[in-house]
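Let me begin by presenting the structure, written as structure tokens, before commenting on it.
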Amino acid sequence: MPKYIKRTVSTGTVGAIMNDQKSLDSLFDKLLTNEQIFTNKEVLRHSYTPDELPHRQNQVETLASVLVSVFRGETPSNLFVYGKTGTGKTAVVKHVGKALVRKIGGNFFAKPFHSTRTVPDFVSTITTHKCPVWFIYMNCEVVDTQYRLLAKLGEYFGQTIPLTGWPTDKVYDTFFSTLDMEERLVIIVLDEIDRLLRKGSDEVLYNLTRINSDLSNAKVSVIGITNDLNFIEFLDPRVRSSLGEEEIVFPPYDAIQIQDILSQRAKMSCRSLDVIDAGVIPLCSAFAAQEHGDARRALDLFRVAGELAERERSKRIVERHVREAKERIEQDRIVEVVKTLPTQSKLILYSCILLEKYEPSGISTGEVYNVYRDLCKLSASEVLTQRRISDIISELDMLGIVNARVVSKGRYGRTKEIHMGVPVTQVKRVLEQDRKIERVTTYVPPIQHRLS
DNA sequence: CGTCCACAGGAATCCCTGGGTT
DNA sequence: AACCCAGGGATTCCTGTGGACG
């Protein structure tokens with residue numbers, strides 16, 4: 001826990017107890033009259049889409065020029081959108097989608113309407129146009145398998161499909177037939193589309209991109225969004241060519257651009273601009289620019305810095321708050337990730353931590369496995385195979401908790417060389433809160449000699 | 001220069017859960 | 001009750017391999 005909280009709590013408590021009635025009253029007064037820094041924190045959240053998107057005019061116009069064919073009654077080309085996280089991809093697509101729907105009178109969906117409800121009355125508003133337009137936004141991080149995606153899509157068209165149980169082709173057929181019941185144009189946005197591929201559910205992409213040739217009434221066009229630039233490489237060539245009819249690239253923001261974005265939001269969220277010290281916004285922006293131009297990071301930094309300032313009852317946000325916020329965000333992330341790890345992963349991670357003391361030059365998979373087995377016995381856990389442990393270590397690596405790279409020690413074989421990627425003492429403390437780990441805290445790994 | 005270690009990591013299969021249909 | 005299906009975690013079996021040692 002950061003120092004400043006301790007300080008505030010201890011002096012506050014002691015003061016309240018020790019001082020007389022008058023200062024107790026004034027303590028409350030101070031709390032009540034304390035002017036907050038934020039008046040509207042919502043605009044700093046990731047989910048908030050502003051009306052203006054600074055430095056994304058190009059992308060907005062390109063996207064609009066692809067979708068404009070809707071007005072001519074044509075099906076827009078399939079589209080592929082890529083750029084790193086926090087570069088405004090989702091915001092731009094949603095923004096243009098809303099504008100399109102408003103103009104043409106269709107329907108914008110970010111979640112399905114309940115199936116018992118009747119279909120919204122957009123059909124009547126649309127009769128002047130060639131056909132109704134449905135704009136459906138879907139995040140594949142949540143719906144990440146073929147089954148779930150099709151089921152969710154079916155839901156948009158009023159079908160009730162169970163979360164599990166049906167064979168996939170039946171789900172597809174149901175979705176297909178309801179979709180084709182009437183003339184309409186459906187624009188499906190698949191955000192984080194790379195998730196589907198990672199889970200091996202890319203068959204659904206193939207089906208979706210060639211669905212038009214089987215449909216007789218409805219038309220579908222797909223917008224795929226990804227932040228994984230290698231994603232395209234691994235895609236089925238047929239899907240790649242079909243999905244990539246058009247492409248829009250979102251380059252990372254530079255520090256100056258992030259400053260613009262952050263200033264815009266800061267203005268909306270704060271009581272007044274006076275509460276922000278001059279260096280704060282540039283510093284947030286600089287930090288965010290370092291992280292591949294992630295605008296969200298800047299917003300997070302600013303929000304947390306503001307919260308820290310409020311907690312301190314400081315009148316203004318200063319640079320120190322930003323630095324503390326940076327620390328804080330990272331710490332919270334780690335604690336959250338470690339705490340929610342499955343027990344087996346925790347045991348593996350704990351093994352790594354125990355070994356690190358003795359092998360500062362890097363730990364091998366075999367060493368981890370030996371310690372892990374001991375820990376399993378002590379904590380009465382099931383022992384998994386080394387194959388699985390190898391995968392779990394890789395998962396921990398991807399989460400950034402450890403760094404594991406494959407090295408060859410020549411005569412002594414190939415293995416992963418594992419280093420801790422985060423502060424050890426804190427992670428250890430979090431792990432030891434787990435009931436299984438609690439039982440093995442006294443374990444000391446046998447000292448292993450090895451040739452070097 | 002060939003060997004051979006200590007694993008990496010792919011593929012197929014199994015097991016289990018949560019749900020369906022007949 | 002008997003049987004089918006998807007999906008996630010785990011196991012089994014497997015082939016592949018960088019480079020220090022001899």
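Each chain gets a letter, A, B and so on, in the order the sequences are listed, and its residues count up from 1.
- Aromatic rings from A/Phe80 and A/Tyr82 are positioned such that their centres are separated by under 6.0 Å.
- Of the residues near DNA chain C, A/Arg148 and A/Gly165, the one whose nearest nucleotide (by heavy atom distance) lies more toward the 5' end is A/Gly165.
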Residues 391-400 of chain A, side-chain donor-acceptor partners within the protein, below 3.5 Å, at least two apart:
unit_1: A/Asp391; atom_1: OD1; unit_2: A/Arg387; atom_2: NH1; d: 3.1
unit_1: A/Asp391; atom_1: OD2; unit_2: A/Arg387; atom_2: NH1; d: 3.3
unit_1: A/Ser394; atom_1: OG; unit_2: A/Ser390; atom_2: O; d: 3.1
unit_1: A/Ser394; atom_1: OG; unit_2: A/Lys416; atom_2: NZ; d: 3.4
unit_1: A/Asp397; atom_1: OD1; unit_2: A/Ala404; atom_2: N; d: 2.9

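- Residues A/Glu432 and A/Lys428 are paired through a salt bridge, judged by an N-O separation under 4.0 Å between the basic side chain and the carboxylate.
- Whole-Å rounding puts the A/Arg388 CZ to C/dT11 C1' distance at 11 Å.
- A straight line from CD of A/Gln159 to C1' of B/dG20 spans 16 Å, rounded to a whole angstrom.
- When the P atom of C/dG19 is taken as reference, atom CZ of A/Arg405 falls 11 Å away, rounded to whole Å.
- Taking atom NZ of A/Lys199 as the reference point, atom P of C/dA6 lies 16 Å away to the nearest angstrom.
- We find that CD1 of A/Ile348 is positioned 10 Å from P of C/dA10, with the value rounded to whole Å.
- A distance of 11.5 Å separates NE2 in A/His46 from OG1 in A/Thr90, rounded to the nearest 0.5 Å.
- For A/Glu327, the CD atom sits in a loose shell: 12 or fewer heavy atoms of surrounding residues, nucleotides or ligands are nearer than 6.0 Å.
- DNA chain C lies under 4.0 Å from at least one heavy atom of each of the following residues of residues 167-176 of chain A: A/Pro167, A/Thr168.
- Remark: A/Trp166 is in phosphate contact with B/dT21, judged by side-chain N or O atoms under 4.0 Å from OP1 or OP2.
- Residue A/Ser408 places no side-chain atom within donor-acceptor reach of the base of C/dG19, judged by atom type and a 3.5 Å distance cut-off alone.
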Base, backbone or nothing for each nucleotide of nucleotides 6-12 of chain B, written B, S, -, heavy atoms under 4.0 angstrom, 5' to 3'? BSSBB--
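- Screening A/Lys326, A/Glu336, A/Gln426 for a side chain to side chain donor-acceptor pair (under 3.5 Å) with A/Gln331, the sole residue that qualifies is A/Gln426.
- No more than 12 heavy-atom neighbours from other residues, nucleotides or ligands sit within 6.0 angstrom of NZ on A/Lys84.
- A/Ile161 places its CD1 atom 12 Å from the P atom of B/dT21, with the value rounded to the nearest Å.
- What separates CG of A/Leu384 from P of C/dG9 is a distance of 12 Å, to the nearest Å.
- Remark: P of B/dC16 and CD of A/Glu382 are 10 Å apart, rounded to the nearest angstrom.
- Between A/Asp434 and A/Lys346 there is a salt bridge, since at least one side-chain N of the basic residue sits less than 4.0 Å from a carboxylate O of the acidic one.
- Residues A/Phe157 and A/Trp134 place their aromatic rings such that the two centres sit under 6.0 Å apart.
- Of the listed nucleotides (C/dG7, C/dT12, C/dG8), C/dT12 has the atom at the smallest distance from the side chain of A/Thr385.
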